[in-house]
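The structure appears below as structure tokens.
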There are 2 protein chains.
Amino acid sequence: MPLKALPAYEQIKRYVIRRISEGDWKPGGLIPSEMELVKEFGVARMTVSRALRELTAERVLTRVQGSGTFVAPQRYESTVLEIRNIADEIADRGHRHSASVLTLEPSDDPLALEALGLASGPAFHSCIVHSEEGEPIQYEDRYVNPKVFPDYLQQDFTVETPNHYMVRLAPIQRAEFRIYAQKPDAYVRRHLMMDIGEPCLQLWRRTWVGDDVATSVRLWHPASRFHLAGNV
Amino acid sequence: MPLKALPAYEQIKRYVIRRISEGDWKPGGLIPSEMELVKEFGVARMTVSRALRELTAERVLTRVQGSGTFVAPQRYESTVLEIRNIADEIADRGHRHSASVLTLEPSDDPLALEALGLASGPAFHSCIVHSEEGEPIQYEDRYVNPKVFPDYLQQDFTVETPNHYMVRLAPIQRAEFRIYAQKPDAYVRRHLMMDIGEPCLQLWRRTWVGDDVATSVRLWHPASRFHLAGNV
DNA sequence: GAGTGGTCTAGACCACAGG
DNA sequence: CTGTGGTCTAGACCACTCC
């Protein structure tokens, strides 16, 4: 139990984050000016300024001198690897995304249940091929925890990617990943329309919501059409 | 025509970074107090405080109330962002690391100079094969900015890896990376003793010290013996 | 011109570490 | 106790955007 009150700048930071996470202030939208927050909290402008500056450094806000302070566009999943929603990534390149759902059903695969930390099944299982301008770019083999996403099987993943669906419903709190270079098996190679001998960049990832593993996913990408990139 | 002067807090940040990267202030060591820097720069304490606070957030410094401000101990983390020193990684597995230096010389490769942001050469160039229990696990092709590491060519990289050497001398502040799955060329394949047709996991990375690109490196790993892993 | 953020000052009080 | 960092105030001037 905290004996002292949090510093004012920290309270303001949390207030801003709460307003964003509760949907009052939406990504891309303008938030109150420094002077308005000064009046609202009864503090000096420097204090508000520090709170907003730190949230800008944390990429929660963006600020434009002369214009105002805005909620930063939302980031999907791991900021670490910048593995964004594949559909958004494609859209940012000005290209058209399409998805083909190969599988969407319950599964009792014991390895999948173990990865999700489930004592008993079933888990939900989906296999989707994502394409950019009609060219396959990602084979997604995903297992989902029904406890976290009970309506997963009822979604139409040609309209919204599983990644987007899950980020929309639950805040990802932790992730674990591994990255491999791999020769694809014949099934994946055929769906990605790859030449024989071309390697895959494979990403395996588990994400947590609270103490539950939300999803465990393997993503295969043709080496010739895909790489991962990011900054620290 | 000189551009606008940098803000005072930014000048102080760069000053601190320069003193660290030039070895005047060493990891773990005490640096001057806020008041001493206030006198030295002739600014208000808030200005020095902001500079040091931001460097603390960037993990360049650590501060202890009542004690002082210290240069942060350098850390070797296991995320893709800060790939660990390969030697430490191998040692953690209880294995023996060895390195073979293939190349260590100045280079005027125009692509390398461009990657380092250098108008004129030479840059320093090294090629090293790292092995775990005698088995090659990483081919490292590195270009280094002589402005940041003037003594690079005089080091013995069979004793200390380039990564460890650089982290020891300068605080890495920012990194950019790309990860590829790739078929190795014959030269790399031979040095890594890989089967024909086996893919490589290739990591390309640039790191910054202050506003200078410190190093640009390509790391090839045999897919069968290596993967990247991490948490968020 | 009015409103915004970016920076800076010269004080202040506090919590904490170490002699 | 002194010196350290942590926070905060109530002003100020500036650069920028938008109307």
Side-chain angles (χ1 to χ4, degrees), chain A residues 1-17 19-20 25-73, chain B residues 1-17 19-20 24-73 171 210-211:
Chain A
M1 155 167 188
L3 294 175
K4 297 184 191 78
L6 285 170
Y9 78 89
E10 187 60 40
Q11 292 184 44
I12 296 170
K13 285 178 71 174
R14 295 185 186 212
Y15 169 79
V16 171
I17 287 170
R19 293 298 294 263
I20 294 172
W25 299 342
K26 299 202 182 305
L30 190 64
I31 78 166
S33 71
E34 292 190 348
M35 278 313 297
E36 289 175 295
L37 291 171
V38 161
K39 286 169 199 150
E40 183 164 350
F41 283 88
V43 298
R45 186 179 155 225
M46 273 292 276
T47 303
V48 171
S49 179
R50 172 173 177 181
L52 299 184
R53 178 164 19 93
E54 292 189 0
L55 287 173
T56 303
E58 294 164 20
R59 300 184 180 191
V60 173
L61 303 174
T62 60
R63 318 190 74 186
V64 182
Q65 195 173 120
S67 296
T69 302
F70 304 84
V71 179
Chain B
M1 189 68 173
L3 299 174
K4 204 177 316 172
L6 285 170
Y9 77 89
E10 187 62 38
Q11 293 184 43
I12 295 169
K13 285 178 71 173
R14 294 182 189 216
Y15 169 80
V16 170
I17 287 166
R19 293 300 294 265
I20 294 172
D24 301 327
W25 299 341
K26 301 202 181 307
L30 190 65
I31 78 166
S33 71
E34 290 190 348
M35 278 313 297
E36 288 175 298
L37 292 171
V38 161
K39 286 170 199 150
E40 183 164 349
F41 283 88
V43 297
R45 187 180 154 222
M46 272 291 277
T47 303
V48 170
S49 178
R50 172 172 176 181
L52 300 185
R53 178 164 20 94
E54 291 189 1
L55 287 173
T56 303
E58 294 164 21
R59 295 188 279 190
V60 172
L61 303 175
T62 60
R63 318 190 74 187
V64 183
Q65 196 174 120
S67 296
T69 302
F70 304 83
V71 179
D211 284 335

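So you know, we letter chains A, B, ... as the sequences are listed, proteins then strands, and number each from 1.
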Next item on the list: Would you kindly give the CD1-to-P distance between A:Ile12 and C:dG5, to the nearest whole Å?
Entry: 13 Å

Check: How many angstroms lie between CZ in A:Arg53 and CZ in B:Arg53, if you round to the nearest 0.5 Å?
Finding: 6.0 Å

Item checked: Atom pair distance, as rounded to whole Å: CG in B:Leu30 and P in D:dG5 -> 8 Å

Next item on the list: Check whether any side-chain nitrogen or oxygen of A:Tyr9 sits under 4.0 Å from OP1 or OP2 of D:dC8, and answer yes or no.
Entry: no

Note to self: If you compare every side-chain N and O of B:Arg63 against the phosphate oxygens of D:dT4 (OP1, OP2), does one of them come in below 4.0 Å?
What the structure shows: no

Next item on the list: Using whole Å, report how far CG of B:Leu52 lies from P of D:dT4.
Entry: 13 Å

Notebook entry, point to check: Any side-chain N or O of B:Ser33 under 4.0 Å from OP1/OP2 of D:dT4?
Noted result: yes

Note to self: Test: ring pair (Phe, Tyr, Trp, His ring centres under 6.0 Å). Region: residues 44-64 of chain B. Which pairs qualify, not counting sequence neighbours?
What the structure shows: none

Note to self: Expressed as a whole number of angstroms, how long is the span from B:Glu54:CD to C:dC8:P?
What the structure shows: 10 Å

Next item on the list: Examine C:dT7: is either OP1 or OP2 under 4.0 Å from a nitrogen or oxygen in the side chain of B:Thr47? Give yes or no.
Entry: no

Item checked: side chain to side chain contact (heavy atoms under 4.5 Å, CB included) involving A:Gln11 - partner list, sequence neighbours excluded -> A:Ala5, A:Leu6

Next item on the list: Please state how far atom NZ in B:Lys13 lies from atom P in C:dC8, giving the value in whole angstrom units.
Entry: 12 Å

Note to self: A side-chain contact here means heavy atoms from C-beta on lying under 4.5 Å apart; do B:Ile17 and B:Leu55 qualify?
What the structure shows: yes

Next item on the list: Check whether any side-chain N or O of A:Ser49 sits under 4.0 Å from OP1 or OP2 of C:dG6, and answer yes or no.
Entry: no

Next item on the list: State, to 0.1 Å, how close A:Ala51 and A:Ile12 come at their nearest heavy-atom pair, and which atoms those are.
Entry: CB-CG2, 3.7 Å

Item checked: Nearest-nucleotide comparison on DNA chain C, the residue closer to the 5′ end among A:Arg53 and A:Gly66 -> A:Gly66

Check: Expressed in angstrom and rounded to an integer, what is the separation of B:Ile31 atom CD1 from D:dG5 atom C1'?
Finding: 12 Å

Notebook entry, point to check: To the nearest 0.5 Å, how far apart are CD in A:Glu54 and CD in B:Glu54?
Noted result: 8.5 Å

Item checked: Value in whole Å for how far the P atom of D:dG5 lies from CG of B:Leu61 -> 11 Å

Next item on the list: Let me know the distance between CG of A:Leu55 and P of C:dG6, rounded to the nearest Å.
Entry: 13 Å

Notebook entry, point to check: Is there side-chain contact between B:Ile20 and B:Ile31, with at least one heavy-atom pair below 4.5 Å?
Noted result: no

Margin query: Quick check for you: to the nearest 0.5 Å, what is the distance between B:Met35 atom CE and B:Glu40 atom CD?
Written below: 12.5 Å

Checklist line | Residue-level proximity of residues 34-41 of chain B to DNA chain C when a heavy atom falls under 4.0 Å | finding: none

Checklist line | Under 3.5 Å donor-acceptor, B:Glu10 side chain and B:Pro7 backbone | finding: no

Next item on the list: Return the 5'-most residue of the pair A:Pro7, A:Ser67 with respect to DNA chain D, ranking by each residue's nearest nucleotide.
Entry: A:Pro7

Item checked: Those residues that, when tested against A:Tyr15, pass ring pair (Phe, Tyr, Trp, His ring centres under 6.0 Å) (two or more places apart) -> A:Trp25, A:Phe41

Margin query: Based on the rotation axes of five pairs at each end, what angle does the helix from C:dG1-D:dC18 to C:dG18-D:dC1 bend through, to 10°?
Written below: 10°

Next item on the list: Give a yes/no answer on whether the side chain of A:Thr69 brings an N or O atom under 4.0 Å of OP1 or OP2 in C:dG5.
Entry: yes

Every protein N/O lying under 3.5 Å from an N/O of nucleotides 10-14 of chain C:
residue	atom	partner	partner atom	Å
C:dA12	N6	B:Arg45	NH1	3.1

Notebook entry, point to check: About how many Å separate OG of B:Ser33 and CZ of B:Arg45, when rounded to the nearest 0.5 Å?
Noted result: 9.5 Å

Next item on the list: Indicate the atoms forming the closest heavy-atom contact of A:Ser67 with A:Leu30, along with that distance.
Entry: O-CD1, 4.4 Å

